[in-house]
Amino acid sequence: MSNKPEQEQRQENRLASAEPVHIQILRQVPTSVATTAVLHANTHDISSSGFNALSNVELTPGLLLDVLIELRDGSQPYLLTAEVRWCQAREGGNYSVGFVVMAAQGSDFQAWQTRFR
């Protein structure tokens, strides 16, 4: 497990937002998570380049994931590809996980970028 960097490295502001996230593992699966697992989490904050989510499963930095984010405003969900950048243990057995959103064919990357710029 990797901790967040000591010094803030965000390049843009983040919007505090608690949105449902459904995460499907694509590869580099840790032994504690099945290859067909879909994890459910909630975002803590969102920006055009990434998001932070609270999960009950530890995720390994470098893990590449399919992520579906459903905004509570009723707009279309965003299907994204994201990489785990860091994972930090929290009280109660949960983990705070930092994700970077990546451009991927068939994803909603451009729409996500436009929405959160």
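Keep in mind that the numbers below use all heavy atoms, side chains included, and drop hydrogens, waters and symmetry copies.
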Just by distance, with hydrogens left out, do S96 and N52 show a side-chain donor and acceptor under 3.5 Å apart? yes
With sequence neighbours excluded, tell me which residues meet side chain to side chain donor-acceptor pair (under 3.5 Å) with S75. D73, R115
Side chain to side chain donor-acceptor pair (under 3.5 Å) involving Q113 - partner list, sequence neighbours excluded: R117
So I69 and F51, do their side chains get closer than 4.5 Å, heavy atoms only? yes
Counting C-beta onward and ignoring hydrogens, is there a side-chain heavy-atom pair between L64 and M102 closer than 4.5 Å? yes
Pairs involving residues 63-82, ordered by first then second residue, that meet ring pair (Phe, Tyr, Trp, His ring centres under 6.0 Å) (sequence neighbours left out): Y78-W112
Residues passing the ring pair (Phe, Tyr, Trp, His ring centres under 6.0 Å) test with F109, sequence neighbours excluded, are none
Using every non-hydrogen atom in the two residues, find where [X] and [Y] come nearest and quote the distance to one decimal.
X	Y	answer
E83	G62	OE2-CA, 3.6 Å
P77	E70	CB-CG, 4.0 Å
L65	L59	CD1-CD1, 4.2 Å

Main chain of S49, side chain of S47: is a donor-acceptor contact present, judged purely on distance under 3.5 Å? yes
For L79, is there any backbone N or O sitting under 3.5 Å from a side-chain donor or acceptor partner on D108? yes
Between CD on residue E58 and CG on residue N94, distance to nearest 0.5 Å: 12.0 Å
Return the CD to OG1 distance between Q105 and T81, rounded to the nearest 0.5 Å. 10.5 Å
What residue pairs, at least two apart or across chains, pass salt bridge (Lys or Arg N to Asp or Glu O under 4.0 Å) with a residue in residues 87-98? none
For residues 94-106, which residue pairs qualify under salt bridge (Lys or Arg N to Asp or Glu O under 4.0 Å), counting only residues two or more places apart or in two chains? none
Determine whether L54 and I46 fall in the same hydrophobic cluster, where Ile, Leu, Val, Met, Phe, Trp and Tyr are linked whenever their side-chain heavy atoms lie under 4.5 Å apart. no
